Each structure stands twice: as C-alpha cells, then as structure tokens.
Amino acid sequence: MLFSPELLLLFALVGLFAGAVDAIAGGGGLITVPALLLGGLDPVSAVATNKLQGTLGTAMSTWRFAKGGMIDFRSPGALGLAAAAFAGAVIGAALVAFAPVEAMRTLLPFLLVGVALYFAFGPTMSDAGAAARMSPGAFALGVAAPIGAYDGLFGPGAGSFYMIGLVALAGYGSVKAVARTKLLNFSSNLAALIFFILAGHVVWSAGLAMSVGTIAGAQIGSALAMKHGVRLVRPLLIVVSLALALRLMLDAAHPVGAAVRATAGW
C-alpha cells in the first residue's frame, strides 16, 4: 500500500501518544488499531501492523525500565517469565483458527471492567513490593504463559492482565510491575509478530512510520512512570481499562453494542 507523507506523519504522531500511554498503563492498541483502520488498512493487516509498532514500542519501554534499574536481565525470574510469555504466544497464534473469538470478544469488556474495579477499590497499590502469593515458576506457567497465549490468539487487554497478575500474585510494586509487564508484552508481541510477518500481513510503511512515534512515546511514558510511580500508574490503569472495555462493548459485533444500536434505531 502507498501512503501520503501527511498520513505517514499522522501515523507517527498517533504512535507517539499511544506509545506514552502504553508504556505507563498498556492499552496503546486502543489508539493505534483504529488509526490504522481509518488509514485504509483492512482489519487483519491493521492488527498485524499494530504488532510491529507494539513490539518495537515495548522493546523500547523494556530497555528504558531496565536502564532505570527496574528490570535485571541477569535474573532467571525475568528471563523465565519472558520465555513463558513468548511460548504461550506461539501456542496462541498457532491455535488462532480454532479459537472461540466471538465468545472472547463478548467476555473481554467485562473482564476489563473487573480489572479497573480491582485497581480502583482493591488492596492499596503502592510503589513498594509485597509478599508474592506464587512462586516464580508457578507464576510463569500459570499466569504468564496463559496470558501470552491470549495475546497471540486475540490480544486486547493483555497488558492489563499481566499487570494485575504481577501486582496481585507476584507481589510487585507499581513501577516494577509496569516494567515487567512491558517485558512480557514485548515477548508475546514478538512471537505474534513473527507469525504475522511469515503470513505476509504486515504493512511495513505504515508500521515503521507509527513505530518512530511509538519508540519516542515509550521513552516518555516509561520516564514518567518511574518518576511519578503509583500516583500516575493507578489512575491511568483504571482509565485505560475502562476505555478499552467501552470501546469493545460498543462495537457493532458485541451483543451490548448491537442492543444499543437496535434500541437507538441506528
């Protein structure tokens, strides 16, 4: 596909904003996928191209958090979680033809509302860590790998699910949980991206233009998260989870969206 310089610049600007939001609270795809669709990409190409910018953006966020001391790549725990998320995403992408996608699309908004309610009214979220409720191995196999499989299979909200698992079960404080979420997101995004590249669905010009903005935005967002901690992370997690839930729920393909349209006569 050929795009005008103005549209490529717009993709980069969208990526800048989405990359900053995604580095702090996830949900950047809520911004980038609609932008790619409005730019003329078909749904499959939009999702595939979004994985390109998402992979590069989460790679930058991961590097920025590691540079800030929030991720130690020499730690077996960090690499084990990343490997589990990658393996899960490979399995999820391989099973995409057999997935109950419609059922997942119907259920997902309600799960995201639950995530928002947890961070709004659940145990106090802090920058300090807490006691882990699962061993690193159990978390990798029981949480990181299944969410990675979901990310390879479907995708929306994976960052929110990683985050709640890291806070509620692995005992991470807010900033370290965001940092590990980016590492896991990068791993599962990379696995899915490999499948999309092999299938020929990635639109490189749009994806690379958006990635330029996403990489810059990821640096900004990760720096803000490390500076402001829970004061910034918690409200953005709530807002992003609710916004993504509303976006999915009001889609014409969702039963709630279909009911709203039927009632309103749209």
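Counting from 1, the numbers follow the sequence of the chain as shown. The model shown is predicted, which means the values in this text are computed figures rather than measured ones.
- With rounding to the nearest 0.5 Å, the separation of CG in Leu107 from NE2 in His254 is 8.0 Å.
- A donor-acceptor pair under 3.5 Å links the side-chain atoms of Ser135 to the main chain of Ala138, judged by distance alone.
- Formation of a donor-acceptor pair under 3.5 Å by the Ser222 side chain with backbone atoms of Ala218 is found in this model.
- Of all non-hydrogen atoms in Ala225 and Leu232, the two that sit nearest each other are N-CD2, 4.2 Å.
- With hydrophobic clusters built from ILVMFWY side chains whose heavy atoms lie under 4.5 angstrom apart, Leu141 does not share a cluster with Leu81.
- At least one side-chain heavy atom of Leu95 sits less than 4.5 Å from a side-chain heavy atom of Ile91.
- Side-chain contact, Ser188 with Tyr162: a donor N or O sits under 3.5 Å from an acceptor N or O.
- Phe196 places a side-chain heavy atom less than 4.5 Å from the side chain of Val47.
- Using modelled atom types, no side-chain atom of Arg64 and backbone atom of Ala223 make a donor-acceptor pair closer than 3.5 Å.
- Nearest approach of Ala84 to Ala140, heavy atoms of both residues: CB-O, 3.4 Å.
- Side-chain contact between Phe3 and Leu41 is present, with heavy atoms from C-beta onward closer than 4.5 Å.
- When the side chains of ILVMFWY residues are joined at heavy-atom separations under 4.5 Å, either directly or via intervening members, Met70 and Val233 end up in a single hydrophobic cluster.
- Atom CG in Asn189 sits 4.0 Å away from atom NZ in Lys51 (nearest 0.5 Å).
- In terms of hydrophobic clustering, with Ile, Leu, Val, Met, Phe, Trp and Tyr side chains grouped at heavy-atom distances under 4.5 Å, Phe195 and Leu190 are assigned to a common cluster.
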Q. What's the verdict on side chain to side chain contact (heavy atoms under 4.5 Å, CB included) for Leu52 and Ser211, showing C-alpha distance, side-chain angles and the deciding distance?
A. CA-CA 7 Å; Leu52 172 61; Ser211 296; 4.2 Å; yes
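- Put simply, the side chain of Phe65 reaches to within 4.5 Å of the side chain of Val175, judged on heavy atoms.
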Q.
Please determine whether side chain to side chain contact (heavy atoms under 4.5 Å, CB included) holds for the pair Leu108 and Leu112, giving the CA-CA distance in whole Å, both sets of side-chain angles, and the decisive distance to 0.1 Å.
A. CA-CA 6 Å; Leu108 178 59; Leu112 288 168; 4.0 Å; yes
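- A donor-acceptor pair is defined here as one N or O able to donate and one able to accept, closer than 3.5 Å; such a pair exists between the side chain of Gln53 and the backbone of Asn50.
- Between Leu10 and Leu7 there is a side-chain heavy-atom pair separated by less than 4.5 Å.
- A distance of 13.0 Å separates CD1 of Ile24 from OG1 of Thr181, quoted to the nearest 0.5 Å.
- From Ile147, atom CD1 reaches atom CG of Leu153 across 13.5 Å, with rounding to the nearest 0.5 Å.
- To the nearest 0.5 angstrom, Arg247 atom CZ is 5.5 Å from Asp251 atom CG.
- Rounding to the nearest 0.5 Å places NZ of Lys176 at 12.5 Å from CE of Met226.
- At a threshold of 4.5 Å between non-hydrogen side-chain atoms, the residues Leu169 and Ile164 do not count as touching.
- Looking only at distances, no side-chain donor or acceptor of Arg133 sits under 3.5 Å from a matching main-chain atom of Gly171.
- Between the side chain of Thr58 and the backbone N or O of Thr55, at least one donor-acceptor pair lies under 3.5 Å.
- Among all heavy-atom pairs drawn from Ala48 and Val202, the shortest one is O-CG2, 3.9 Å.
- Taking the side chain as every heavy atom from C-beta outward, Ile220 and Leu16 approach each other to under 4.5 Å.
- Taking each heavy atom of Phe86 and Ser187 in turn, the nearest pair found is CD1-O, 3.3 Å.
- Nearest heavy atoms, Val203 versus Thr49: N-OG1, 3.0 Å.
- Between Ser174 and Met163, the shortest heavy-atom distance links the atoms O-CE, 3.6 Å.
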Q: Begin from the C-alpha positions of Phe110 and Val256 and carry the test side chain to side chain contact (heavy atoms under 4.5 Å, CB included) through to its verdict.
A: CA-CA 11 Å; Phe110 301 104; Val256 173; 4.3 Å; yes
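- Side-chain heavy atoms closer than 4.5 Å link hydrophobic residues (I, L, V, M, F, W, Y) into clusters, and following such links, possibly through other members, connects Leu224 to Leu236.
- The cluster map of Ile, Leu, Val, Met, Phe, Trp and Tyr, joined by side-chain heavy atoms under 4.5 Å apart, puts Leu183 and Tyr172 in the same cluster.
- Side-chain contact between Phe139 and Leu166 is present, with heavy atoms from C-beta onward closer than 4.5 Å.
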